[in-house]
Amino acid sequence: MITLNALKEYGANVEEGLSRCMGNEALYLKLAAIIPGDKNFQTLEESLAAGNLDSAFESAHALKGATGNLSLTPLYDPLVKITELLRAREDMDYTELMNNILSERSKLEELCR
C-alpha cells in the first residue's frame with residue numbers, strides 16, 4: 001500500500017505534491033497510485049518502437065505533466081528529458097531513456113502494492 005513515507009523514500013517531493021492537492025493526503029496517494037497504470041507508458045514505448053515521434057511526444061508530455069504535478073521526481077526527471085528530445089524531433093536511440101522511465105515506473109508500482 002502506498003504511503004507518504006514510501007513516496008518520500010522513492011524520492012518524491014511529497015510536500016510539494018500535497019500542496020498541489022490542497023493538502024488532501026488521500027487524494028494525493030490515490031493520484032500517485034494511478035500513475036503506474038497510465039496507458040501513456042505503453043503508447044510511448046510503442047510509438048518509439050514504430051518511429052512515431054509525434055505520438056511519442058504526446059504520451060511523454062502527458063506523463064511529464066501528471067508526474068510533475070504530483071512531484072514524482074524520479075519518474076518526472078527522465079520524462080522531462082525525453083519530452084524535450086521528442087519536442088525537437090531528435091532522431092536517436094531512445095532505448096536507454098525509455099528503460100530508465102520504465103524502471104522508475106516499476107519502482108513506483110511496487111510502492112502501490
Side-chain angles (χ1 to χ4, degrees):
M1 182 172 164
I2 195 166
T3 65
L4 293 180
N5 283 337
L7 285 171
K8 284 180 187 178
E9 289 176 15
Y10 171 68
N13 185 336
V14 171
E15 291 76 21
E16 188 176 273
L18 266 173
S19 72
R20 289 195 183 98
C21 292
M22 301 179 71
N24 186 331
E25 182 178 326
L27 175 62
Y28 178 69
L29 293 174
K30 180 180 177 179
L31 293 173
I34 290 171
I35 295 294
D38 191 314
K39 292 181 182 183
N40 279 303
F41 287 107
Q42 181 178 352
T43 303
L44 174 58
E45 193 171 20
E46 290 171 356
S47 297
L48 287 174
N52 185 342
L53 300 185
D54 291 331
S55 176
F57 169 76
E58 294 298 324
S59 294
H61 191 261
L63 289 166
K64 180 186 94 163
T67 58
N69 282 331
L70 296 172
S71 299
L72 300 173
T73 310
L75 192 49
Y76 174 74
D77 287 346
L79 284 164
V80 169
K81 289 177 189 173
I82 202 168
T83 298
E84 293 313 310
L85 290 167
L86 289 166
R87 184 187 313 274
R89 302 302 187 258
E90 288 290 326
D91 185 23
M92 60 176 279
D93 183 358
Y94 288 93
T95 304
E96 185 177 336
L97 263 173
M98 193 66 225
N99 287 341
N100 187 2
I101 290 166
L102 294 176
S103 173
E104 290 303 329
R105 180 184 86 170
S106 291
K107 291 175 189 176
L108 181 59
E109 191 172 40
E110 284 295 316
L111 299 178
C112 298
R113 293 183 181 174

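At least one side-chain heavy atom of Leu72 sits less than 4.5 Å from a side-chain heavy atom of Leu7. Ile82 is listed as a side-chain neighbour of Leu48, based on a closest heavy-atom distance under 4.5 Å.
Under the salt bridge (charged side-chain N to carboxylate O under 4.0 Å, His left out) criterion, Lys8 pairs with Glu15, not counting sequence neighbours. The side-chain contact (heavy atoms from CB on, under 4.5 Å) test applied to Ser103 returns Lys107, not counting sequence neighbours. Scanning for side-chain contact (heavy atoms from CB on, under 4.5 Å) contacts around Ser19 gives an empty result, with sequence neighbours left out. With sequence neighbours left out, Glu16 forms a salt bridge (charged side-chain N to carboxylate O under 4.0 Å, His left out) with Arg20. Partners of Glu25 by salt bridge (charged side-chain N to carboxylate O under 4.0 Å, His left out), not counting sequence neighbours: none found. With sequence neighbours excluded, the residues that form a side-chain contact (heavy atoms from CB on, under 4.5 Å) with Ala33 are Ile2, Cys112.
Residue pairs meeting the salt bridge (charged side-chain N to carboxylate O under 4.0 Å, His left out) criterion with at least one member in residues 92-102: none, sequence neighbours excluded. Within the structure, every pair that satisfies the salt bridge (charged side-chain N to carboxylate O under 4.0 Å, His left out) test and touches residues 42-55, not counting sequence neighbours, is listed here: Asp54-Arg89. Residue pairs satisfying the salt bridge (charged side-chain N to carboxylate O under 4.0 Å, His left out) criterion with at least one member in residues 28-41, sequence neighbours excluded, are absent. The ring-ring contact (aromatic ring centres under 6.0 Å, His included) contacts involving residues 5-63 comprise Phe57-His61, where partners must be two or more places apart or lie in separate chains. Applying the salt bridge (charged side-chain N to carboxylate O under 4.0 Å, His left out) test to residues at least two apart or on different chains, the pairs with a partner in residues 57-84 are Lys64-Glu84, Glu84-Arg87.
Ser47 and Asn52 are not linked by any side-chain donor-acceptor pair at a separation below 3.5 angstrom, with hydrogens and angles left out of the test.
If you chain together ILVMFWY residues whose side-chain heavy atoms come under 4.5 Å of each other, Tyr76 ends up grouped with Val80.
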